[in-house]
A.B. asks: 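For reference, the structure I am asking about is given below.
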2 protein chains.
Amino acid sequence: MAAAERRRRRKEERPGEILEAAFEEFARSGFAATKLDDVAARAGITKGTIYLYFPSKEDLFLATVREMNRPSQENLAALTAAPQGSAMAILRSHFAFVYAHMVEDRRAREILRMLMAEVSRFPDLADRWRAEVIGPAVEALRRVVRYGIARGEFRASAAEEFPHLLFAPVIMACTWRLMFGDDHALDGAAYLEGHLDLMARGLACLPEEARSAGE
Amino acid sequence: MAAAERRRRRKEERPGEILEAAFEEFARSGFAATKLDDVAARAGITKGTIYLYFPSKEDLFLATVREMNRPSQENLAALTAAPQGSAMAILRSHFAFVYAHMVEDRRAREILRMLMAEVSRFPDLADRWRAEVIGPAVEALRRVVRYGIARGEFRASAAEEFPHLLFAPVIMACTWRLMFGDDHALDGAAYLEGHLDLMARGLACLPEEARSAGE
DNA sequence: CCTTATTGACTGTCTGGTCAGTTATTAGTA
DNA sequence: TACTAATAACTGACCAGACAGTCAATAAGG
């Protein structure tokens, strides 16, 4: 019975194991240069077994990206909650979270790389990612900025139309690390603090404005 | 003689034509998925001819990236000139230039894509790019920030340690456009203005600081 | 008729995808 | 318990097509 259990469990765990191995190989070599024999070897099986669970290399790639995206989609929910307290405090905790889960986490960075590298081969991947992950994230940021303006805490600025500007240092840190490796990573607490500091100053009302607005 | 001239010119122009065609194909499909037959067809020749000028596919790729990088290296010179006038004015004209030559110019964006996608296959490419293009650019930015601080125009901020923070919106715009296509591009004058506005506020001394500093 | 740039047919290799066969396990039977 | 059949998971040898790289033949110029 224990053996039966183990055997049944294999079937349930195989797809996940294959996706895990595929992610590593795709991230390292890109779609075209990744060999399914290598994916199989990394998963401790043979190529034939992959085809028991995925109909083709393309499907395996799509499944890999979707699987790796799942966490960010779930995390997004927290962001859409009704804001309360200081807008800047919300932004602070938001970006602390984003740095931990996007800059520090290698997997998230590698997804960025894979998407960027393969958009021309898989055009709908980027569209989907924008619609399901990035678009809502931008909207959530925009709501925080508007909330801050309504509260008299922030001035009206381009950050309302382009929340991307606030998010940009995250992308910068991701890109930097993707290109130059962990050894030359420029992030860490100091970078995050610098980002928050510049953002706070950039968004804030000038003292006299704040006074006249009644904060 | 006119025909001889034409024939001799072919030999001089071939490498450039091949590099041009190779750039388009590599940018579209990445290194592994690019077929030399396609490169040749785009250049109006056959595959054999490519091998008269480049010893292998890898060398062709390296030559392509180097060729495409040349303009940015040359442009960099302007940045290292001794600064004068308002630091913010320098930053304004600098970023106007960078947007025109990095965000609007498709070729520069595609280089970013290619480097990011192929770093694992060509590790020294990224190192070289950092040493010759990015590193000096960061240094130049840092000098402008220091100049602004020395002038009493800017406060001391993380932008001195991480000029990347100032540059980040450019990378964001590049990445956005690379991933989602020209149709969804978020740049244009409004984005640049927003970037400059947030940056100006983020860097500037507060009015009372400025007053006491004596500007 | 020599030189030189170019061709295009050819080769060897590599890899996505297939499938007949092997192994491990369970169920049934006596 | 011993033997057999059925089944599910997996294997690994194989194929077909694609593609980097080669080179003898060709054509164009002088």
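Since the model is a prediction, treat every value here as computed from it, not as a measurement. Proteins get letters first, then strands, A, B, ... in listed order; numbering begins at 1 in each.
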A.B. asks: Can you tell me how far apart CD (Glu104(A)) and CG (Asp182(A)) are? Round to the nearest 0.5 Å.
C.D. replies: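 With rounding to 0.5 Å, CD (Glu104(A)) is 9.0 Å from CG (Asp182(A)).
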A.B. asks: Can you find a donor-acceptor pair, distance only, under 3.5 Å between Lys47(A) side chain and dG12(D) base?
C.D. replies: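 No such pair is found, so the answer is no.
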A.B. asks: Considering just the side-chain nitrogens and oxygens of Tyr51(A), establish if one lies under 4.0 Å of OP1 or OP2 belonging to dC19(C).
C.D. replies: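 Answer is no, no contact under 4.0 Å.
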A.B. asks: dC10(D) phosphate, OP1 or OP2: any side-chain N/O from Thr49(A) under 4.0 angstrom?
C.D. replies: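 No.
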A.B. asks: Closest nucleotide of DNA chain C for Pro55(A) versus for Lys35(A): which of these residues is on the 5' side?
C.D. replies: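 Closer to the 5' end of DNA chain C: Lys35(A).
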A.B. asks: Just how far, in rounded Å, is P of dT6(C) from CD1 of Ile50(B)?
C.D. replies: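 That distance rounds to 12 Å.
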A.B. asks: Expressed in angstrom and rounded to an integer, what is the separation of Lys57(A) atom NZ from dA18(D) atom P?
C.D. replies: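 My rounded result for the distance is 15 Å.
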A.B. asks: Would you say the side-chain atoms of His164(A) and Tyr191(B) include a donor-acceptor pair closer than 3.5 Å?
C.D. replies: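 No, no side-chain donor-acceptor contact under 3.5 Å.
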A.B. asks: Between Trp176(B) and Phe180(B), how do the two ring planes meet: parallel, tilted or perpendicular, split at 30° and 60°?
C.D. replies: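 Trp176(B) and Phe180(B): perpendicular rings.
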A.B. asks: In whole Å, I'd like the distance from the CZ atom of Phe54(A) to the C1' atom of dA9(D).
C.D. replies: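 These atoms are roughly 15 Å apart.
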A.B. asks: What integer distance in Å separates Asp37(B):CG from dT7(C):P?
C.D. replies: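 To the nearest whole Å, that distance equals 12 Å.
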A.B. asks: Expressed as a whole number of angstroms, how long is the span from Arg14(B):CZ to dA5(C):C1'?
C.D. replies: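 Checked: the CZ to C1' distance equals 8 Å.
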A.B. asks: Looking at Tyr53(B), does any N or O in its side chain come under 4.0 Å of the phosphate oxygens OP1/OP2 on dT6(C)?
C.D. replies: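 So the side-chain polar atoms of Tyr53(B) do come within 4.0 Å of the phosphate oxygens OP1 or OP2 of dT6(C), strictly under.
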A.B. asks: Considering every strand and a 4.0 Å limit on heavy-atom distances, what is the contact class for Ile45(B): base, sugar-phosphate, or nothing?
C.D. replies: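 Contact class for Ile45(B): sugar-phosphate only.
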A.B. asks: For the CG atom of Leu141(A) and the CG atom of Leu165(A), what is their distance to the nearest 0.5 Å?
C.D. replies: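 Reported value, rounded in 0.5 Å steps: 10.5 Å.
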